[in-house]
Amino acid sequence: MSFNKLSASFYRRDDVVEVARDLLGKVLCSHIGGHLTKAIITETEAYAGMGDRASHAYAGRRTARTEPMYLEGGIAYVYLCYGIHHLCNVVTGERDDPQAVLLRAGEPLAGLDEMRSRRGKASAGNKLLAGPGSLSQALGIRTRLSGVSLLGDRLWVEDQGFSVADHEFVIGPRIGVDYAGDDAARPYRFLLTRFAH
DNA sequence: CGAATGATATACT
DNA sequence: GTATATCATTCGA
């Protein structure tokens, strides 16, 4: 149904930072519980694998939770944070190179009613997909989807031709990674200027 | 500004 | 096996 679904080669590049930048303006799509929802990706963060203290895979840490990150690029890594929020990542790079891009925010494109329904009370205004927990909740993404292929028909990313020029986004340090020491300062966060908040 | 909320990792016995 | 601290956040007071 989607002619423009991103293919494996998009995800399997060496440089996760490049993928994080390129995901801006792409469209995150889910077909879950019989509902199709789509959102333009407006904020991403790169997690650069074993050498990145902010990453769950730092120093090669490998557990049942993080196992998807060690698989070949092009699958989802979803985990529960603060006991409440399901955070959605796109795994990149080759097998055994655990890099991933956290999807932090989006702009609604399709399935608005279902998004609002899933978000409940807090779905008002422009906060529908603002923040990684909210984005996942609106698209119905749960930890159950961790490890699923992004080339399948439940969760994927499309290129609908929204181009993002260099002056249309800003780069900054990642959010909520103070525990990562010097790595917390890495310029790995990408945010479309228009949706900065 | 602080509570919510539970899986997960790690350090024990 | 059991205990405990931590967490890539969000919402409402």
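Everything numeric here is computed off the predicted structure, so don't read it as measured data. In what follows, chains are A, B, ... by sequence order, proteins preceding strands, each numbered from 1.
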Contact class for [X] vs. all strands (heavy atom < 4.0 Å): base, sugar-phosphate, or nothing?
X	result
A:Thr143	nothing
A:Leu102	base
A:Arg53	nothing
A:Leu87	sugar-phosphate

Watson-Crick or G-U wobble mate for B:dT8, both contacts under 3.5 Å
C:dA5
Nearest whole Å is fine: how far is [N] [atom2] from [X] [atom1]?
X	N	atom1	atom2	answer
A:Tyr77	C:dA8	OH	C1'	9 Å
A:Tyr58	C:dT6	OH	C1'	18 Å
A:Lys121	C:dA13	NZ	C1'	13 Å
A:Ile175	C:dC7	CD1	P	16 Å
A:Arg118	C:dT10	CZ	C1'	19 Å
A:Arg174	C:dA8	CZ	P	11 Å
A:Arg142	C:dT9	CZ	C1'	16 Å
A:Tyr179	C:dT6	OH	C1'	11 Å

Nearest listed nucleotide, side chain of [X], among [options]:
X	options	answer
A:Thr63	B:dT5, B:dA9, C:dA8	B:dA9
A:Leu80	B:dG6, C:dA8, C:dT9	B:dG6
A:Arg65	C:dG12, B:dG6, B:dT8	B:dT8

Quick one: does A:His85 reach the base of C:dA8 with a side-chain donor-acceptor pair under 3.5 Å?
no
Given the options A:His56, A:Arg62, A:Met50, A:Met69 meets side chain to side chain contact (heavy atoms under 4.5 Å, CB included) only with A:His56
Parallel, tilted or perpendicular for A:Phe190 and A:Phe169, by the 30°/60° rule?
tilted
4.5 Å side-chain heavy-atom contact, A:Glu45 and A:Pro132
no
Does some side-chain heavy atom of A:Glu158 sit less than 4.5 Å from a side-chain heavy atom of A:Lys26?
no
Look at A:Arg61 and B:dT8 and indicate whether a side-chain polar atom (N or O) is within less than 4.0 Å of OP1 or OP2.
no
Under 4.0 angstrom between A:Arg119 side-chain N/O and C:dC11 OP1 or OP2:
yes
With centres under 5.5 Å and planes under 30° as the test, does A:Tyr79 stack with B:dA7?
no
C:dC7 base stacked by A:Tyr82? Criteria: ring centres under 5.5 Å, plane angle under 30°.
no
Examine A:Arg13 relative to A:Phe10 and say whether NZ or CZ is less than 6.0 Å from the centre of the six-membered ring and inside a 45° cone about the ring axis.
yes
Hydrogens and angles aside, do A:Arg119 and A:Gln137 bring a side-chain donor and acceptor to less than 3.5 Å of each other?
yes
